Amino acid sequence: MSAEPWVTASEVAQHLGVVKDTVYRWREHKGLPAHKIGRLWKFQLSEVDEWVRTGGAGDESDGGGEQE
């Protein structure tokens with residue numbers, strides 16, 4: 001069994017189709033699961049996906065909505 005790789009905020013943003021600033025905002029204000037490794041924040045996509053599935057990225061007004 002191989003360990004799941006740690007990914008960067010940029011990779012999470014690409015995975016979710018949002019900008020990197022939104023990833024950091026969600027981490028700070030909405031509890032997006034992240035782990036600080038040294039000075040860097042790292043993520044596991046399985047944790048991020050579960051957070052999304054359980055409503056973590058809901059539309060509550062936090063000023064961080066994406067606009068297309």
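Note that the structure is a prediction, hence the values are computed from the model and not measured. In what follows, residues are counted from 1 in the order of the sequence shown.
Rounded to the nearest 0.5 angstrom, L40 CG and T8 OG1 are separated by 9.5 Å. Considering OG1 of T54 and CG of D49, their distance stands at 10.5 Å, rounded to 0.5 Å.
Aromatic pair H35/W6: ring centres closer than 6.0 Å.
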Derivation of the side-chain contact (heavy atoms from CB on, under 4.5 Å) call for H15 and F43: CA-CA 12 Å; H15 178 71; F43 304 82; over 6 Å; no

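When all heavy atoms of V48 and V12 are compared, the pair lying nearest together is CG1-CG1, 4.1 Å.
Not one N or O on the side chain of E50 forms a donor-acceptor pair closer than 3.5 Å with the backbone of E47. For the pair T22 (side chain) and V18 (backbone), a donor-acceptor distance under 3.5 Å is absent. Side chain of E4 to backbone of S46: a donor-acceptor contact under 3.5 angstrom is found.
For the pair W26/D21, no side-chain contact is recorded, criterion being any heavy-atom separation below 4.5 Å from C-beta on. For the pair Q44/V7, no side-chain contact is recorded, criterion being any heavy-atom separation below 4.5 Å from C-beta on.
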